[in-house]
Amino acid sequence: MDPRKSVHKLDETIHSLLGLKSHLTSSWVKSVCDIIKSLPYEISHSETIRDSLEKKDDDMSSLIPNIEDELAFLTSHINQLNAQRRQVLNDLLDLKGNIRVFCRIRPITSEENFGHFRPLSALDSSNVLLKLADNKGKTYSFDKVFGADSSQDEVFSEVEPVIKSALDGYNACIFAYGQTGTGKTFTMEGTLNFPGVVPRAIEALFKQAVNSNHAFLFSFSMLEIYLGNLKDLLVPHPVKAMDSMPPCLSIRTDLRGEVEIDNLVAIQVNDFNQAMKLYRLGCRFRSTASTNSNTKSSRSHCLIRLSITCYDAPERRRETNKVWLIDLGGSERVLKTKAWGRRLDEGKAINLSLSALGDVINALQKKNGHVPYRNSKLTQVLKDSLGEDSKSLMLVHVSPKEEDLCETICSLNFATRVRSIHLGMLDSAEEREQKENAMMNLQQKMKMIEDERQDIMNNIKKLHVELENLMGTAPSSNEEPDASHSFIEMNQYNAERMRNKTTDNIAATILQVPRFMRPTFCSRGKSGINHQLLEDKAKTTARRRRPLSRAESVGFPVKCTSAYNSDCSISRTSCLMGLNVESSADNGTEYTQDEYDIKKIVFPEQETSPESSVHGSLVNNEGCGNRKVNNCSSAKYLKVDNWLRLHKKEPTISGSSHQSKRVLAIPVPEKKHTCNGQKKDKLQDAKEHYYKNERENISNLEKLKGVNMKGSGRSIQRITKIDTAPILADFVNKDSRCDLICASDKTDGDIIKHAKGSLHGQSMEESKTDSPNQDNNPINKCVEMQEAKDERECSNYFWSNNSERSQHSKNDVDYRMLDAREDSGLSISKSEQEPHSPQVPADMGLKEGKKEGLDNLDQSSAVGSKPSILEMRSQRGLFAGKSKPKDLFTTMVKSKDNTKNSGIYHLFKEKIQILWATALLGMGFQTLGLEHDFFHGLML
Ligand SMILES: Nc1ncnc2c1ncn2[C@@H]1O[C@H](COP(=O)(O)OP(=O)(O)OP(=O)(O)O)[C@@H](O)[C@H]1O
C-alpha cells in the first residue's frame, strides 16, 4: 500500500473515528488528539500534507523531462565526440600509413641456447639493429618494434587502433609475415595463457560494439589457402569417400569493387565466446606439418574474416566492412629446408603467393594503374583490404638465428619496402619529425576524447537508470538499457575526406625487393586477359568431379592453369589424401577438406530471410530489426551452435566400431541417440515397448501352453528354448523333427495352421498327428528350416511373431546382417561372449527375468548401444520361462560351432533351400499373406 495515500486519508479517518466513536471515553479522544499532535506539522495538518505531496509529485514530473533533456544533450555531445574520435583516428592512421609495419623478434628458446645467433636487437621502439660484422650493422625502421621479450599485450595495444577503425567501416587487414618458425602463429593465435592477436581483436571488436551506440551485425568466416586453393575451415574435411564434399569457394568482385567469396560459410556471432568456438573449430582443420624449421609448421595461409554490418550509422565508411586476420604461411628457402614431395609443393605455393603479395604491394607503392591482384588467391581475396581505402597492418617476424640470416634480411627489406608506401622514402628528416609530432598530438587528442566519451557514457547510463526508476520501468538486472533509439547521430561524418595526404610524397624510388618476394616468371607472365579467360573457363567447367585417387593427384598447382589462378579453381589434389596422411612418407600434412568437388552441402539452418538473419544476432540489435540483411554480403548466416552441433562427432561407444553393427534385441524406435533429451525419451519408449512385447509374449506363451499341452509337450520346450540346441543337433544329425513347430504366436500359428489346412484340409494338430510323412510337408519344412538354420532364428521368430510384427521386420533385417557377419567367419565379440548376467539362478522366474532384461536394456540403451545377440538371447530365455542363461549360452555356442563346422549341415541347408524355394514358387505361397521378408528371412 502506498504510504502517501494512507497519510492523505489520515485526517478523514480521524474525523470519522471521532464521530462514530463519540460515545467513547474522553480519555480515548484525548489520546487520539495527542497522537495527532505528536505527528509532524505537515502531516498533522491535512491541507499541508496534501499540498506537500502534490508538490513532490510536481517535482517528480518535472524531474523526468529534466533528465530527458540532459540525456538528449549528453547524447548529442557523445555523438560529436564520436565524430571527432573517428576523424582523429583516421588522421592518425593516415599519417601512420594505410599499411603499417611492425617487427617482432622471436626470443631464443631454451633448446636453441647452444646455437649461433646473429645479434638482432630492438634499438628503440621503432628501430632494429642487425649486426652484420664486428663493427658493422644495419638499422631498419618500422612503425613499431617488439623485442624478444615483448608480450602479447604490448603487441595488441599497438594493433588495437586498426581494430577500432574497423568499427568505423574501414576494411582492415592484419597479417603476420615472416620466415617459417619465427612466431607468426604465436603472435596471431597465441596460446591458452598468452592469447594472440586474433582472440584479442575479436574481444575488442565486441567490446567496442557493445559500448557503441549503434547496432552491429558480426559474421565469422575462416578459410585457408592451401596449395593455391581456398578451403573453408569451418567445413570439416571428408573422412570417407562417400562423405559430402564442401562446395567450391570462388572469389567474386562486385560492381563496387567489394570482394566476396561465394560459398564461404559465414556464421553470425553475437559475442566473443561464439566467435571463439568457431575459431577453435577452424584451427582444428588447419593444414599443419612438421618441418625442419618448425615442428608444427603452418602449410597454408590462414585467413579469418569478421564481417561487420551496421545499418544505422551513415557516417561509417561502408555499411558492411570486414576485418581480415591472417597468419601467412612461412616463407622458406627450399634448398635450406630440404623439403621434398608435398612439403616442397607447399613451400613453393607459399612462396609464390608471398611473391604475388610483394608484386601487389610494389604496384601500390608505385601507384601503378594495374595492380596484379589476380596473380594469387591471397591477393585476390585481399584486394579490397590492401588498397588505400583500408587499414592494413603487417607484423613482420624475424629470427635471431645465424642460419636464418638470409631470410631475416629478406624479411626486413620487404617490410621496409612495405612501410615506405606511406611514409615515403623521400621524406626529409624535418618532414618526418613534423609527422611524428602530428601523430603524437593526434594520439593525445584521441586519448582525451576517449576519456571524455567514457565519462559521458557513464553519465548516460546513470541517467537512464534514474529515469527508469522514476518512471517505474526499471529493467531486470540482466537487461541492458535500451539506448539505441535515443542515440541519433547529429553530425554527419564526412566520409569522402581526402586521404592522399602522405601518399603524395611517395616517389618512384624502386627499392630492392627481397629475393623471394620478387616477381617470378609466372607472375610476370600473367595478364588480365589470361585471367579472364581462365576465369571463364573455370566457370564453364565447374562441375562435380569424382575425387581423384592418390595416384592421379597432382600436388603442385601450376600457375596459368585453372587449378591455381581461376576464380573457381578445382584443386587437383585428392580428397582422400587426408585418409592416407600417416601412411605417406612425405605427406604428413593434417589436411582440411579440399574444395574441388562442387557438391552443395546442405546447411542445417540456412537463414536467408532478412528477419531470420537479424534475429538474435546483433550486438545492440534493436535498431536493425526491420532492415534488410541480404545486401550486407552474399554470405550465408548460420547459427553458431547449430553449426558446431552439426560438426560434432557422433558419440562412439567404447571406441568400438564393431558395436555399431550390433543388433537391437528390443525394437527401439530409433537407433541413434544424439542428445540427452532424446536419448531419455527413446529409452522410455524402448522400455514401454519392451513391457508391451513382454506382456504380449507371456500371454501368447500361456495361450500356446494351453494349446500345445493338449497335443505335445515338446512344443512348449521348444518355445522355452531350453532344448533348442539338442533339437538343432537332432535336426543336423537325423534330418528329422518335422513335427516341431515353432509357432509361438497366435498370428503366425494361425497362418501356419491355415497353410497346413489349406494343403491338407486339416488343422495343424490334426495334420501333425495324421500326417506321417511330414518331411514332405512344406510348412513343416518351413518351420524346420526356421529352427534348424540357427537357434537364434527361432528366438527371432518367437520375438518377432507378435501382433506388431511389422515393427519387428527391421530387426529381422538386422538379424540377417548379423548372420552375414557371423557366417562370414567373424568371431563373436567379447561382449557377446560375455553376457551381462550369465549367472542367473536356474529358478529365476519371469519377474526376475523381466528385471534382468530391463537392466540390460537400461545398460545397453544408456550407452547408446544395442545389446549383444547373446544378451538378447539370454533375455529371451528368461522371459519365455525358467531358464538358465548360462546353459543357454553354452548350448548356443555349441550349436553354433556345430552348424558352422558341419559340412553336412551346409549341404543339407542348401538342398532344403532349393527345395523350399521351388515349393514356394510352385505353390504360390505368397497368396497366403506371408510377407516377402518372411520368405526372405527363411531363405537366408
Ligand atoms: N614471442 C614468442 N614467445 C614465445 N615463444 C615463441 C614466440 N614466438 C615464437 N615462439 C615459439 O616458436 C615456435 C614457432 O612458432 P610458430 O609456430 O608461431 O612459428 P610460425 O612462424 O607460425 O611458423 P610456420 O610459418 O612454420 O607456421 C613455437 O613453439 C612458438 O611457441
Side-chain angles (χ1 to χ4, degrees), residues 102-113 115 117 120-122 128 144-159 174-200 224-227 233 282-283 285-304 325-334 336-339 342-354 357 378 394-401 403-404 407-408 410-412 414-415 516-517 588-590 592:
F102 296 167
C103 178
R104 189 173 195 184
I105 302 166
R106 203 204 70 180
I108 297 158
T109 59
S110 51
E111 299 101 61
E112 294 170 336
N113 264 337
F117 295 99
L120 182 72
S121 55
V128 172
K144 189 83 192 170
V145 172
F146 301 102
D149 55 350
S150 60
S151 68
Q152 302 279 62
D153 276 342
E154 283 172 49
V155 174
F156 185 70
S157 64
E158 294 295 322
V159 171
I174 298 165
F175 54 98
Y177 173 90
Q179 186 199 350
T180 181
T182 48
K184 296 181 293 296
T185 310
F186 182 84
T187 299
M188 295 307 286
E189 193 180 324
T191 59
L192 204 63
N193 295 330
F194 306 103
V197 168
V198 176
R200 286 165 192 264
E224 71 172 357
I225 303 177
Y226 177 69
L227 286 174
L233 287 176
C283 286
F285 297 131
R286 277 198 72 180
S287 303
T288 55
S290 177
T291 64
N292 284 348
S293 312
N294 188 358
T295 48
K296 205 182 173 212
S297 175
S298 314
R299 307 312 295 161
S300 62
H301 306 304
C302 173
L303 296 92
I304 293 128
L325 304 165
I326 306 165
D327 181 4
L328 290 171
S331 58
E332 55 194 46
R333 282 195 303 158
V334 171
K336 190 179 151 196
T337 55
K338 297 190 180 68
R342 183 149 294 274
R343 294 291 84 72
L344 178 66
D345 295 343
E346 291 162 352
K348 283 200 273 187
I350 289 169
N351 286 351
L352 271 174
S353 51
L354 290 177
L357 182 65
L378 178 67
M394 185 183 193
L395 289 147
V396 179
H397 293 76
V398 283
S399 155
K401 276 161 96 177
E403 64 189 62
D404 295 334
E407 287 87 348
T408 303
C410 283
S411 295
L412 290 172
F414 176 67
F516 57 83
M517 295 299 296
T589 312
E590 290 170 23
T592 69

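We use all heavy atoms of the structure for the numbers below, so side chains are in, but hydrogens, waters and symmetry mates are not. As the structure lists them, so they are numbered: ligands from 1, and atoms in each ligand from 1.
The side-chain heavy atoms of Val398 and Glu407, taken from C-beta on, include no pair separated by under 4.5 Å. Here the side chains of Val128 and Ser121 are not in contact, with every heavy-atom distance at 4.5 Å or above.
Residues Ser399 and Gln179 approach most closely at CB-OE1, 4.1 Å, considering heavy atoms. Smallest separation of non-hydrogen atoms from Ile350 and Ser300: CD1-N, 4.1 Å. A pairwise comparison of heavy atoms in Leu395 and Met188 identifies CD1-SD, 4.2 Å as the closest pair.
Inclusion of Gly181 in the set of residues having an N or O under 3.5 Å from an N or O of ligand 1 is warranted. For ligand 1, the polar-atom distance check finds no N/O of Asp327 at less than 3.5 Å from any of the ligand's N/O atoms. Between Phe186 and ligand 1, an N or O atom pair is found at a separation short of 3.5 Å.
Comparing Gly183, Ser150, Ser300 against atom 16 (P) of ligand 1, the shortest heavy-atom distance belongs to Gly183.
At least one heavy atom of Arg104 sits under 4.0 Å from some atom of ligand 1. Within the structure, the closest approach of Gly178 to ligand 1 does not fall below 4.0 Å when heavy atoms are considered.
Within the listing of ligand 1, atoms 23 (O), 24 (P), 25 (O), 26 (O) sit less than 4.0 angstrom from a heavy atom of Thr180. Heavy-atom proximity to Gly330, at under 4.0 Å, picks out these atoms of ligand 1: 25 (O).
A tilted orientation is assigned to the rings of Phe414 and Tyr177, their planes being inclined by 30° to 60°.
With hydrogens and angles left out, the side-chain atoms of His397 and Ser411 include no donor and acceptor closer than 3.5 Å.
At a heavy-atom distance under 4.0 Å, only side-chain atoms of Arg106, from C-beta outward, approach ligand 1.
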